[in-house]
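Residue numbers run from 1 in the order of the sequence given.
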Amino acid sequence: MHLSSLYRFPLKSGSAELLDEGRCDELGLSGDRRWMVVEAATGKFLTQRALPQMTLLHARWQGETALLLSASGMDDLLVPVPDSASIARGVLVWRESLQVPDAGDAAAAWLTRMLDRPCRLVYLPANQGIQVDQDYARLGERTTFSDGFPFLLIGQASLDDLSARVGRLFDMRRFRPNLVISGAAPYAEDGWRRIRIGEIEFRVVKPCSRCIIPTIDPLNAERSPDREPLATLMSYRKGEGGVFFGQNLIAEGIGELKVGMPVEVLE
């Protein structure tokens, strides 16, 4: 088994960035989901669930000091990482309420135009990582603006099996994983508890409950009229608490991740 794809999402619910290598740091994959779009009035986070067009919003790190925003019909905008003097904004990520730096009026205006609703861009400094749910994590294990966990893993064979059941190929980006593993049987990841990728060990802590986002085509932001592949997943992957596809992970160290690295099941 090996790591066959590595994805980063600099902006929560923005487009995927395919990497050849990346660093695992204290919050997950370095640079992943460190930026987030929120409602201007309430600070509530915005995602493709309500705004499918966010999948066409490209956000890419420029070194470690700025983010480049781009989208069709829009001029590119370079957004510096907010400094300590930036205005703090109250935001809400599910039930987590926190104060984080606002990225400024230029970014807010750009996103407001692109998404056609008043919004702001915010940034999560490394020292403000969000505690992972302690039903699954240890005190001090933190994540970014993710939906709850630092890493999401999916087996390539699992997606291949799902595509075969539906009768058409689906892009892995619909499911927004960080780690894609090849060389295992379909849904083998359901039975893993600890794995090693390269030199980094991970705990497999919780199956990923899926929302409506996989029904959105990442290339054109159109929703599947037949609700696929979610409809098929519901026929055989439904359990207590949701419809599950993929596994949430927590790393037990820092280090480098590279496509092609061997994957070993430890438990």
Is there a side-chain contact between P262 and M1 (heavy atoms, below 4.5 Å)?
-> no
Give a yes or no on this: more than 12 heavy atoms of other residues, nucleotides or ligands lie within 6.0 Å of atom CG of D75.
-> no
Return yes if some donor-acceptor pair links the side-chain N/O of T144 with the main-chain N/O of D32 below 3.5 Å, else return no.
-> yes
Within a strict 4.5 Å, meaning less than it, do heavy atoms of the M261 and I197 side chains meet?
-> yes
Between S70 and H58: side-chain donor-acceptor atoms closer than 3.5 Å = no
Rounded to the nearest 0.5 Å, what separation is found between the OG atom of S30 and the CD atom of E64?
-> 6.5 Å
Pairs under 3.5 angstrom only: tabulate donor-acceptor contacts from the side chains of residues 251-260 to other protein residues two or more places apart or in another chain.
from : atom 1 : to   : atom 2 : distance (Å)
E252 : OE1    : R194 : NH1    : 3.4
E252 : OE1    : R194 : NH2    : 2.6
E252 : OE2    : R138 : NH1    : 3.2
E252 : OE2    : R138 : NH2    : 3.2
E252 : OE2    : R194 : NH1    : 3.4
E252 : OE2    : R203 : NH1    : 3.1
E256 : OE2    : R23  : NH1    : 2.9

Does a sphere of radius 6.0 Å around CG in D116 hold more than 12 heavy atoms from other residues, nucleotides or ligands, not counting ones at 6.0 Å or beyond?
-> no
Within the distance-only criterion (no hydrogens, no angle test), does the side chain of E228 pair as donor or acceptor with the backbone N or O of T232 below 3.5 angstrom?
-> yes
So ring-ring contact (aromatic ring centres under 6.0 Å, His included) across residues 97-131, not counting sequence neighbours, yields W35-Y123
Taking side chain as C-beta onward, heavy atoms only, is D102 less than 4.5 Å from L121?
-> no
Would you say V38 and V100 are hydrophobically clustered, going by side-chain heavy atoms of ILVMFWY under 4.5 Å?
-> yes
Closest approach of A40 and R120, non-hydrogen atoms and distance?
-> CA-CG, 4.0 Å
Is the Lys NZ or Arg CZ of K12 less than 6.0 Å from the centre of F45's six-membered ring, within 45° of the axis?
-> yes
Please work out which of the three classes, parallel, tilted or perpendicular, describes the rings of F175 and F245, given edges at 30° and 60°.
-> tilted
Should Q247 and V205 count as side-chain neighbours, where that means a heavy-atom distance under 4.5 Å?
-> no
Side-chain touch L266/I195, heavy atoms, less than 4.5 angstrom = no
Within 45 degrees of the axis of the six-membered ring of F202 and under 6.0 Å from its centre: does R196 put its NZ or CZ there?
-> no
Would you indicate whether the side-chain heavy atoms of L29 and L19 approach each other to under 4.5 Å?
-> yes
For S146 and T143, does a side-chain donor sit closer than 3.5 Å to a side-chain acceptor?
-> yes
V132-F151 co-clustered via ILVMFWY side chain contacts under 4.5 Å | no
Between atom CG of L67 and atom CG of L11, what is the distance when rounded to the nearest 0.5 Å?
-> 7.0 Å
Pairs involving residues 204-235, ordered by first then second residue, that meet ring-ring contact (aromatic ring centres under 6.0 Å, His included) (sequence neighbours left out) = none
Say you draw a straight line from CE of M36 to OG of S13; how long is it, rounded to the nearest 0.5 Å?
-> 11.0 Å
I181 side, atom CD1; L153 side, atom CG - distance, nearest 0.5 Å = 4.5 Å
Side chain of R237, backbone of F244: donor and acceptor closer than 3.5 Å?
-> yes
Kindly check if the number of other-residue, nucleotide or ligand heavy atoms within 6.0 Å of CD (E199) is above 12?
-> no
Starting at CD1 of I213, measure out to CE of M54 and round the result to the nearest 0.5 Å.
-> 9.0 Å
In chain order, what residues pass the side chain to side chain donor-acceptor pair (under 3.5 Å) check against E222, with sequence neighbours excluded?
-> none
Between the CD atom in E26 and the SG atom in C24, the distance rounded to the nearest 0.5 Å is 8.5 Å
Taking C-beta and beyond as the side chain, do L115 and Q53 meet within less than 4.5 Å on heavy atoms?
-> yes
Test item: side-chain donor near acceptor, S158 and E189, under 3.5 Å = yes
F9: ring-ring contact (aromatic ring centres under 6.0 Å, His included) partners, not counting sequence neighbours | none
Test item: D20 and L6 side chains (from C-beta on) under 4.5 Å apart, heavy atoms | no
Which hydrophobic side chains are connected to L78, either touching it within the sub-4.5 Å cutoff or through other members that do?
-> L68
